[in-house]
Protein chains: 2
Amino acid sequence: MAKETKISMAVIRRLPKYHRYLAELLTNDIDRISSKELSERIGFTASQIRQDLNCFGDFGQQGYGYNVRDLYNEIGKILGLDKNYKTIIVGAGNIGQAVANYSKFEKLGFHLQAIFDKNPKLVGIRIRDIEVKDVDCLNSYLAQNPTDIGIICVPKEHAQMVADIMVKHGIKGIWNFAPTDIKVPDDVIVENVHLSESLMTLSYRLNESNLFNE
Amino acid sequence: MAKETKISMAVIRRLPKYHRYLAELLTNDIDRISSKELSERIGFTASQIRQDLNCFGDFGQQGYGYNVRDLYNEIGKILGLDKNYKTIIVGAGNIGQAVANYSKFEKLGFHLQAIFDKNPKLVGIRIRDIEVKDVDCLNSYLAQNPTDIGIICVPKEHAQMVADIMVKHGIKGIWNFAPTDIKVPDDVIVENVHLSESLMTLSYRLNESNLFNE
DNA sequence: ATATTTTTGTGCATATTATAACATATTTAT
DNA sequence: ATAAATATGTTATAATATGCACAAAAATAT
Ligand SMILES: NC(=O)c1ccc[n+]([C@@H]2O[C@H](COP(=O)([O-])OP(=O)(O)OC[C@H]3O[C@@H](n4cnc5c(N)ncnc54)[C@H](O)[C@@H]3O)[C@@H](O)[C@H]2O)c1
Ligand SMILES: NC(=O)c1ccc[n+]([C@@H]2O[C@H](COP(=O)([O-])OP(=O)(O)OC[C@H]3O[C@@H](n4cnc5c(N)ncnc54)[C@H](O)[C@@H]3O)[C@@H](O)[C@H]2O)c1
C-alpha cells in the first residue's frame, strides 16, 4: 500500500539507478530478485532498498523477493516514464547538439519538438531531422505549441531570459545546463546539470585523498 | 584552524556553488560578505554557510564577515583548482566533443591533452587544435604521458574497458559520462555524470507535484 | 573613549537519513 | 505434510545533517 508521506529527495535520486539496474536484469533474463541480491549489485544496503521501494507500495513478496519486470514497470511509472513529454532545446551549441542527438531520451518518452538558437549560422541546420529555428520565434512557437520541458543550453548570461520566456508560456519543467541558478515561480521545476561543479568535486576528492601529486 | 574530521559529501557538493557565487561577487566588485547576505543570494541558511566554511578554517572575522577574494581563493584551493590537471577524453562523439570544446575547463586548470576514438571517420579530425587519435594508441599514449584525469564519453558497453586501461596506467580520477557504474580500485576516484538520471528526476518531480497533465 | 551593532565560530537541539532487527508470510526441501 | 530457509515490510536504533542560539570578537557609531 502506497505511503502518503512526502518522499525525500535522497530516495528520488536513487530511483533512476534502480530503474537502470532492473533494466539490466531484464536484458539478462533474470525475472526475480531479492533486496539482498540487488544490494550486492547496486551497492546500496538491502535494508535501504526495501525501505525505498516501500515508500511507493508493497512491490515484493516475502520468501520470494521482487518480480523484476513488475518492479521495473512500477519504478518507470513512479518516475513518470510511462508518459510522453514534449521538449525543446534552446541553444544549439555543443551541449545543445549533444543532447539533441541523444536518441535514447526519445525511448524514455522525451520527444524533442524544436531547437532554437540565435546564431544565424546555426539557424536552418538540421539536427536529427529537426531544423534549428531562430530564437526570435521562441515566443510565437511556444504560444502555438504547448511544451512540457524546456532544455536550456545557452551561455549563463542568457539563461534567465530564456527561462522567463519558457515560464511565461506554461513550461513546468526546465532542464538547465547553464552554470547559474535560474529563478522561477514555485510551480516550475528546475533540474540543473552543473558539469563544472561535478568536475570540481572530482578534483576535490583527488586532492583530499592525496591521490594527486603534481 | 582547520578541522581534522572527515568532510562529508554533503559539504563537498556545496563547495563549487560557493565558488561560483564568490566569483560572481568578485565580478560585481563586492569585496566583503556576511554569511547572512550570502545566504540570501545562495539559498543556504547562514548557519550552514558558517558551518560549512568552518570545516576548512576560520576564514571569517566577527563583526566583519568574509573577505570575498580571500574566501574565493581559499575555496579554490580546497577544491584543488590551484593545481593543473592533465586530462584526456576517450570517445569523440557528441558529449566528448562538447566537453572538449568547452574552454572554461582550461581556465579552471583542467588541460585537455589528447582525445581518442575508435571510429576511423573521427580519427584525425581536430577539436580545439587537438587531433583525435585512434583508441588503439591509448595504451601507448598513457604509458608515455602521465595523465591525471580520464574522461569517459564512450557507449556504456565500452566504458569499463576504457576505465581499466586508464587505471592500469595510473589515472586516479575518472569523469564518467556513460550510464553505468564502472568498477575501479579503492585508490581511484570516479565522478559520474548520469544525464538520464537527472532527466528522470525532473519527470518524477513534474508528476509528483501534478504539474504535468498529458 | 564608550556604547552599539554586526557577525563569526561553536555547542546544542532538532530533523533527516541510513542501518539493523525482527515478526510474519511464503517458498523450498524433506 | 512438516520443517527449514528465505526474504519482505516495518519498527527501533544509529548516524548524519541541518538549524538555532549565544558568547566573544571586531567594526562602526556616538
Ligand atoms: N560544453 C560543455 O561541456 C559545458 C560544460 C559546462 C557547462 N556548459 C554550459 O552549457 C551551456 C552551453 O554550453 P556550450 O558548450 O554548448 O556553449 P556553446 O557556445 O557551444 O553554445 C551556446 C549556444 O547558445 C546560443 N545562444 C546564445 N544566446 C542565445 C539566446 N539568447 N537564445 C538562443 N540561443 C543562444 C549560441 O549561439 C550558441 O550556439 C553554457 O551555459 C555552458 O556554460 C557547457
Ligand atoms: N549525448 C548525450 O546527451 C548523452 C546523454 C546521456 C548519456 N550519454 C552517454 O555518454 C556517452 C557518449 O554519448 P554520445 O552521445 O557522445 O555518443 P556518441 O555515439 O556520439 O559517441 C560515442 C563515441 O565513442 C566512440 N567509441 C565507441 N567505442 C569506443 C572505444 N572502445 N574506444 C574509443 N571510442 C569509442 C564512438 O566511435 C563514438 O564516437 C554514452 O555512454 C552515452 O550513453 C550521452
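This structure is a prediction, so every number in the text was calculated from the model and none was measured.
- If you take NZ of B:Lys36 and P of C:dT7, they are 8 Å apart, rounded to a whole angstrom.
- Contact annotation: B:Tyr66 side-chain N/O to C:dG9 OP1/OP2 distance is under 4.0 Å.
- At whole-Å resolution of the value, CD1 in B:Ile42 and C1' in D:dT18 are 16 Å apart.
- Atom pair A:Glu37:CD and D:dT6:C1' shows a separation of 12 Å (rounding to whole Å applied).
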Solution key, residues 86-96 of chain B side-chain donor-acceptor pairs under 3.5 Å, sequence neighbours excluded:
| from | atom 1 | to | atom 2 | distance (Å) |
| --- | --- | --- | --- | --- |
| B:Thr87 | OG1 | B:His111 | O | 3.3 |
| B:Asn94 | OD1 | A:Asn101 | ND2 | 3.0 |

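- For B:Leu79 against B:Tyr85, the heavy-atom pair with the smallest separation is O-OH, 4.4 Å.
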Under 3.5 Å, sequence neighbours excluded: what are the donor-acceptor pairs made by side chains of residues 38-47 of chain B?
| from | atom 1 | to | atom 2 | distance (Å) |
| --- | --- | --- | --- | --- |
| B:Ser39 | OG | B:Phe44 | O | 2.8 |
| B:Thr45 | OG1 | B:Gln48 | N | 3.1 |

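- Salt bridge annotation for A:Glu191-A:Arg13: present, with a cationic side-chain nitrogen under 4.0 angstrom from a carboxylate oxygen.
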Pairing annotation in dot-bracket form, given for DNA chain C with Watson-Crick or G-U pairs under 3.5 Å and | for cross-strand partners: ||||||||||||||||||||||||||||||
Contact pattern, 5' to 3', of nucleotides 15-25 of chain C - B, S or - by protein heavy atom under 4.0 Å: --SSBBB--BB
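- Straight-line distance from the CZ atom of B:Phe56 to the P atom of C:dG9: 13 Å, rounded to whole Å.
- Atom CG in A:Leu53 sits roughly 9 Å away from atom P in D:dT8 (whole-Å rounding).
- Scanning both residues, B:Lys104 and A:Lys156, for their nearest heavy atoms gives NZ-NZ, 4.1 Å.
- Within the 4.0 Å cut-off from OP1 or OP2 of D:dT8, not a single side-chain nitrogen or oxygen of A:Asn54 is found.
- With hydrogens and angles disregarded, no donor-acceptor distance shorter than 3.5 Å links the side chain of B:Arg128 to the backbone of B:Ser103.
- Applying the side chain to side chain donor-acceptor pair (under 3.5 Å) test to pairs two or more places apart or on separate chains, none has a residue in residues 66-77 of chain B.
- Rounded to a whole Å, the CZ atom of B:Phe59 is 12 Å from the P atom of C:dT10.
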Residue pair B:Trp175, B:Phe110: steps toward the ring pair (Phe, Tyr, Trp, His ring centres under 6.0 Å) verdict: CA-CA 12 Å; B:Trp175 203 25; B:Phe110 302 93; 7.9 Å; no
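- Between the side chain of B:Arg32 and the main chain of B:Gly65, no donor-acceptor pair closer than 3.5 Å is present.
- The closest side-chain donor-acceptor pair between B:Glu24 and B:Asn28, if any, does not fall under 3.5 angstrom.
- Checking A:Asp186, A:Asp148, A:Asp187 one by one against A:Lys172, the salt bridge (Lys or Arg N to Asp or Glu O under 4.0 Å) holds for a single residue, A:Asp187.
- Heavy-atom distances under 4.0 Å link DNA chain C to A:Arg32 of residues 15-35 of chain A, given in residue order.
- For C:dT5, the OP1/OP2 oxygens have no side-chain nitrogen or oxygen of B:Tyr64 closer than 4.0 Å.
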